[in-house]
2 protein chains.
Amino acid sequence: MTRRKLNRDKAMKEKTPPANRPVNLKILGEYLDLSPATISLVLNNAPGVKSIPQDTRDRVIAAAKKFDYRPSFYARSLRGRRSFSIGVLVPELSDGYSAHVMDGIEQVLIEEGYFYLTASHRRKADLIEEYPRMLQDRSVEGFIVIDTLLEQAPPMPTVAVAGHRKLPGVTNITLDHRRAAELSLKHLYQLGHRRIAFMRGRASSSDSADRWKSLMAVAKELGLEVLPELTMQVEGIVSTPELGFPITHELLRRTRDFTAIVAFNDLAAIGAIRALREHGLAVPEDVSVVGFDDFEHAAYHSPSLTTIRQPLHKMGDMAARILLGHIRGQDGFENEVAIVPELVIRESTAPPPARRKKR
Amino acid sequence: MTRRKLNRDKAMKEKTPPANRPVNLKILGEYLDLSPATISLVLNNAPGVKSIPQDTRDRVIAAAKKFDYRPSFYARSLRGRRSFSIGVLVPELSDGYSAHVMDGIEQVLIEEGYFYLTASHRRKADLIEEYPRMLQDRSVEGFIVIDTLLEQAPPMPTVAVAGHRKLPGVTNITLDHRRAAELSLKHLYQLGHRRIAFMRGRASSSDSADRWKSLMAVAKELGLEVLPELTMQVEGIVSTPELGFPITHELLRRTRDFTAIVAFNDLAAIGAIRALREHGLAVPEDVSVVGFDDFEHAAYHSPSLTTIRQPLHKMGDMAARILLGHIRGQDGFENEVAIVPELVIRESTAPPPARRKKR
DNA sequence: TGATTGTGCTTAATCGTTTTTTCAGAAGGC
DNA sequence: GCCTTCTGAAAAAACGATTAAGCACAATCA
């Protein structure tokens with residue numbers, strides 16, 4: 001009987017009570033009378049495992065199962081310089097936009113063995129600076145930033161969803177705003193609308209500028225005038241219909257000489273409809289309203305909203321896939337990925353009053 | 001000139017180019033001609049730092065700043081057996097409930113130097129089992145589970161938001177459903193409603209049972225009958241107003257002999273209002289509807305919703321504070337923390353038709 | 001002079017893995 | 001009988017930080 005055999009028997013008898021601390025390779029090694037290295041090799045099916053006979057492997061695997069061995073994530077990360085975590089930077093979790101994108105992100109990440117840390121900056125410039133650093137300190141391997149204007153690209157793979165600023169090394173996933181503008185304006189145009197009021201997004205929302213430019217361009221092509229007196233500026237940072245309420249109120253106090261509103265988003269559209277109603281105007285009979293986003297409630301508002309659907313879940317999905325691609329150094333780098341929007345026609349748009357009468 | 005002085009000068013001259021890898025204590029130590037231990041002591045202001053003269057400390061701090069030294073989170077976690085992370089388990093990020101609670105959670109956690117990992121189980125039993133394990137493997141120090149029925153308490157500090165099941169070691173943060181039921185039923189009762197239809201939540205939503213019991217109890221006290229033929233069962237797992245639409249449709253096909261609906265939540269209330277309208281019934285003129293939650297859109301729906309407000313943000317805030325308390329072993333354990341709801345009266349409730357005519 | 005007390009650090013162990021290198025003993029080849 | 005080749009592992013060196021213990025030297029004290 002060799003010394004080793006003796007030791008093994010002893011170990012078998014002692015049975016290593018589950019201890020207070022979680023079982024690790026060393027404990028497992030003592031129990032099996034093997035070195036931690038061997039166990040690691042077996043459990044990871046590493047190349048060097050070839051020289052280890054099947055019955056040893058079985059013993060190892062059985063013991064790991066028996067003691068419910070779970071490798072220490074931190075030890076592993078430290079050694080392998082990987083964290084399998086990414087950072088997600090959002091304006092606000094509860095704004096209804098981010099959560100949908102994150103839903104898409106999450107599904108992809110979990111499948112690939114990644115988790116993510118979230119930080120919401122509430123559109124405060126100092127936090128937009130600080131949080132990426134904090135997440136870097138947590139060793140994230142990459143970033144996804146949602147609807148956020150970064151000043152600087154973080155020094156690691158980064159994908160921006162709806163971040164229009166072009167930063168070196170950052171892939172932007174954005175809606176094809178040109179196409180979106182065409183969808184909403186042509187829809188109104190074909191219904192017969194010619195005097196259209198617009199909402200211009202706030203500067204801190206990264207989508208705003210692009211969307212506005214596209215609307216201008218398409219309006220011009222259609223021969224529609226975008227009149228300053230029919231242009232509303234979205235203000236404040238609320239994520240309730242309040243977004244569109246006061247400015248539409250204000251517009252109506254000035255003039256009623258328009259037959260349609262292109263709202264900044266669905267929330268603003270709902271606020272606008274409220275304001276119109278309070279001024280005795282019916283939607284869509286007197287004024288048509290087009291939204292943007294197609295969030296859940298769009299279909300259930302009354303009237304239900306005609307809107308431009310943004311496939312947020314899919315954008316999150318793509319963001320995650322592209323980011324993982326960058327992290328793994330797989331595919332080539334793309335600076336811009338365009339997502340195709342879709343027009344969803346519901347009740348809030350109809351031909352303008354004049355045209356209706358003609359019929 | 002001592003040997004050390006010489007070395008230091010040499011180090012000064014060499015200037016250690018920022019290398020490809022992030023700077024660590026060893027590199028910093030070579031640059032400063034100090035041991036990693038000393039630097040760690042100084043930077044952490046550890047007890048042993050007392051014996052280190054101010055000018056050495058200054059040198060260390062200056063160098064750390066110069067090279068933008070950031071301690072490896074994983075090394076630290078490994079050594080200190082702390083992860084400063086918690087796991088958050090939610091049914092779905094985008095359901096509008098979780099995100100609000102998480103908003104509250106996040107603010108507290110970040111302030112305290114914690115981050116969180118999120119996993120959404122989409123109400124699938126296998127994922128509800130699997131995700132906590134995955135998060136444990138990531139060494140989270142505790143859990144917050146939102147609107148989720150756990151089968152087993154995880155072996156670490158756990159706080160449940162709206163999880164009515166009583167598990168040993170788990171603190172439940174729940175709405176005072178009794179109070180909520182009183183608020184909504186008394187409101188309807190005082191308006192004159194006597195025949196009231198109810199929606200019963202789906203079994204997988206952890207709030208359902210409690211809410212139902214409380215409604216029954218209060219109804220009884222008020223002498224209101226809860227008729228089986230006026231009881232709707234919420235089905236499906238959608239988080240759109242679709243929740244309340246088909247069942248209200250179905251109810252109306254059977255009977256119109258009721259003057260009010262207590263909806264399961266605001267979404268279901270909106271669906272119900274849609275259905276009522278399609279059947280030619282006006283809200284609140286013919287039927288009053290009370291919601292639950294007071295989500296953003298409640299105020300902007302038309303009619304705006306009378307509802308029971310759940311302070312979700314605050315619940316998240318409390319969940320995080322209580323969890324951190326448990327983790328730090330501070331305060332005593334409480335099995336249940338009740339949150340007080342609030343009645344928000346808006347347009348969707350009014351006296352019933354009969355009573356109106358009398359007036 | 002020898003012992004004590006402070007300074008100002010360093011050493012070494014530790015956290016739990018992974019991975020490369022090494023090595024003992026058996027088997028086979030000449 | 002000596003050299004090589006397998007086989008089946010162990011040993012050791014990372015990864016980067018923390019922290020208790022130790023140590024050299026100088027100053028003070030008896």
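FYI, side chains are in, hydrogens and waters are out, and symmetry mates aren't considered; it's all heavy atoms of this structure. So that the names make sense, note that chain A is the first sequence line, chain B the second, and so on, each numbered from 1.
Taking only side-chain nitrogens and oxygens, B:N44 comes nearer than 4.0 Å to OP1 or OP2 of D:dT18. A close approach under 4.0 Å does not occur between any side-chain nitrogen or oxygen of B:S40 and OP1 or OP2 of D:dA17. At D:dA11, none of the side-chain N or O atoms of A:S35 fall inside 4.0 Å of OP1 or OP2 (strictly under the cut-off). Taking 4.0 angstrom as the limit, A:Y69 places a side-chain polar atom (N or O) nearer than this to OP1 or OP2 of C:dT17. Residue B:R79 places none of its side-chain N or O atoms closer than 4.0 Å to OP1 or OP2 of D:dG16.
Residue A:R82 contributes atom CZ, which lies 15 Å from atom P of D:dG16 at whole-angstrom precision. Regarding A:K26, its NZ atom lies at a distance of 7 Å from the P atom of C:dT14, rounded to whole Å. A:I39 has its CD1 atom 14 Å from the C1' atom of D:dG8, to the nearest Å. Rounded to a whole Å, the CD1 atom of B:I52 is 13 Å from the P atom of C:dT7. Atom CG of B:D55 is separated from atom P of C:dC9 by 8 Å (rounded to the nearest Å). Atom CZ in A:R81 sits about 20 Å away from atom P in C:dG16, given to the nearest Å. Distance A:Y74 OH to D:dT18 C1': 17 Å, rounded to the nearest Å. The nearest whole Å value for the distance from the CD atom in A:Q54 to the C1' atom in D:dA9 is 16 Å.
Counting heavy atoms from C-beta on, the side chains of A:P132 and A:L89 come closer than 4.5 Å.
No side-chain donor-acceptor contact under 3.5 Å links A:Y97 and A:E92.
Judged by closest nucleotide on DNA chain C, B:A75 is the one of B:A75 and A:P36 placed further toward the 5' end. Along DNA chain D, the nucleotide nearest A:L41 and the nucleotide nearest B:L25 are compared for position; the residue whose nucleotide lies closer to the 5' end is A:L41.
Remark: B:D68 engages A:R133 in a salt bridge, criterion side-chain N to carboxylate O under 4.0 Å.
Here D:dA10 is the nucleotide among C:dG16, D:dT19, D:dA10 with the atom lying nearest to any side-chain atom of A:T38. Distances were taken from every side-chain heavy atom of A:A37 (C-beta onward) to each of D:dA12, D:dT18, C:dG16; the shortest belongs to D:dA12. Ranking C:dT17, D:dA17, D:dA9 by closeness to the A:R76 side chain, first place goes to C:dT17. You'll find that the side chain of B:P53 is closest to C:dG8, out of D:dG16, C:dT17, C:dG8.
Residue contacts shown for A:T56 are limited to sugar-phosphate atoms, with no base heavy atom under 4.0 Å away. Contact annotation for A:S51: base contact, defined as any heavy-atom pair under 4.0 Å involving a base atom.
Judged by a 6.0 Å distance limit and a 45° cone about the ring axis, A:R82 is positioned over the six-membered ring of A:F84.
Ring geometry, A:Y74 versus B:F73: the interplanar angle exceeds 60°, so the pair is classed perpendicular (tilted spans 30 to 60°).
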